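Structure first, commentary second.
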Amino acid sequence: MNLIIRILVTALLVMLISHFMPGVSVANFGTSVLVAIVLGLLNVFVKPILVLLTLPVTFLTLGLFLLVINALVILLCDVIVGGFDVSSFWMALLFSIILSLFQSLVFSLRSSSRD
């Protein structure tokens, strides 16, 4: 049940962010749910491989290269999911930062309300 709630919250955040960011568009709520699922799968299966392959660069940049990896995952999701469009690398980078911040905020509020 927790996984479904996380996917739906992420889908809502994707819709909200795409509404305010001119370089990101999502066709409908079903597409945003699909984006949330694909992002989750990419974060589980592809991102660890990218992190491992770019470990020296990540180490030299003190972890800031992880932001580039997040943007690449967003761009890969753009390729996979029809109806989800990100105009550029910089929009993907900004989208990933905003999505991560909002997810952290929402999930920390949710966990603190259950305590």
Side-chain angles (χ1 to χ4, degrees):
M1 187 66 167
N2 195 20
L3 179 64
I4 294 172
I5 291 172
R6 289 184 72 90
I7 289 172
L8 291 176
V9 167
T10 301
L12 286 171
L13 290 174
V14 167
M15 285 293 290
L16 179 72
I17 295 167
S18 70
H19 183 70
F20 291 106
M21 282 187 71
V24 179
S25 65
V26 178
N28 53 36
F29 185 71
T31 303
S32 70
V33 170
L34 189 59
V35 167
I37 293 169
V38 170
L39 278 177
L41 291 173
L42 289 174
N43 282 331
V44 168
F45 294 111
V46 176
K47 188 175 176 182
I49 295 169
L50 291 175
V51 169
L52 188 62
L53 291 175
T54 61
L55 200 55
V57 176
T58 303
F59 182 73
L60 287 175
T61 61
L62 303 175
L64 289 177
F65 195 74
L66 293 174
L67 295 173
V68 172
I69 292 174
N70 285 342
L72 292 174
V73 168
I74 296 291
L75 289 173
L76 184 58
C77 185
D78 173 26
V79 170
I80 294 171
V81 178
F84 177 61
D85 186 47
V86 181
S87 63
S88 68
F89 171 80
W90 298 108
M91 280 292 132
L93 183 69
L94 185 60
F95 179 80
S96 71
I97 292 170
I98 293 172
L99 182 62
S100 296
L101 289 174
F102 280 173
Q103 282 178 325
S104 297
L105 180 68
V106 168
F107 294 130
S108 68
L109 289 175
R110 184 173 171 262
S111 66
S112 67
S113 69
R114 289 192 301 181
D115 291 339

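Just the heavy atoms: all of them, side chains too, but no hydrogens, waters or symmetry mates, feed the values below. No experiment lies behind these values; they were computed from the predicted model shown.
Closest heavy-atom contact between A11 and A36: N-CB, 3.9 Å. Across all their heavy atoms, G82 and T31 have their closest contact at O-CG2, 3.6 Å. Scanning both residues, F84 and V26, for their nearest heavy atoms gives CD1-CG2, 3.6 Å. When all heavy atoms are compared, the tightest approach of M15 to N28 is SD-O, 3.6 Å.
In the hydrophobic clustering of ILVMFWY residues, with side-chain heavy atoms under 4.5 Å counting as a link, L109 and V106 come out apart. By the rule that hydrophobic residues join a cluster once side-chain heavy atoms approach within less than 4.5 Å of another member, L52 and L76 end up as members of separate clusters. Residues I7 and F45 share a single hydrophobic cluster, defined by chaining ILVMFWY side chains whose heavy atoms lie under 4.5 Å apart. Under the 4.5 Å side-chain heavy-atom criterion for Ile, Leu, Val, Met, Phe, Trp and Tyr, M21 and L105 are members of distinct hydrophobic clusters. One hydrophobic cluster, built from ILVMFWY side chains closer than 4.5 Å, cannot hold both I49 and V44; they sit in different ones.
Other residues sharing the hydrophobic cluster of V79, ordered by chain and number and joined by side-chain separations under 4.5 Å: none, the residue standing alone.
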List the atom pairs, donor and acceptor, that lie under 3.5 Å between side-chain atoms in residues 60-74 and the rest of the protein, sequence neighbours left out.
from: T61; atom 1: OG1; to: V57; atom 2: O; distance (Å): 3.0
from: T61; atom 1: OG1; to: T58; atom 2: O; distance (Å): 3.3
from: T61; atom 1: OG1; to: F65; atom 2: N; distance (Å): 3.2
from: N70; atom 1: OD1; to: K47; atom 2: NZ; distance (Å): 2.7

Acceptor/donor pairs from residues 96-104 side chains to any protein atom, 3.5 angstrom cut, sequence neighbours excluded:
from: S96; atom 1: OG; to: A92; atom 2: O; distance (Å): 3.4
from: S96; atom 1: OG; to: L93; atom 2: O; distance (Å): 2.8
from: S100; atom 1: OG; to: S96; atom 2: O; distance (Å): 2.8
from: Q103; atom 1: NE2; to: T10; atom 2: OG1; distance (Å): 2.9
from: S104; atom 1: OG; to: S100; atom 2: O; distance (Å): 2.9

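Taking 4.5 Å as the limit, some side-chain heavy atom of L8 sits within range of a side-chain heavy atom of F29. In this structure the side chain of R110 reaches within 4.5 angstrom of the side chain of N2, judged on heavy atoms.
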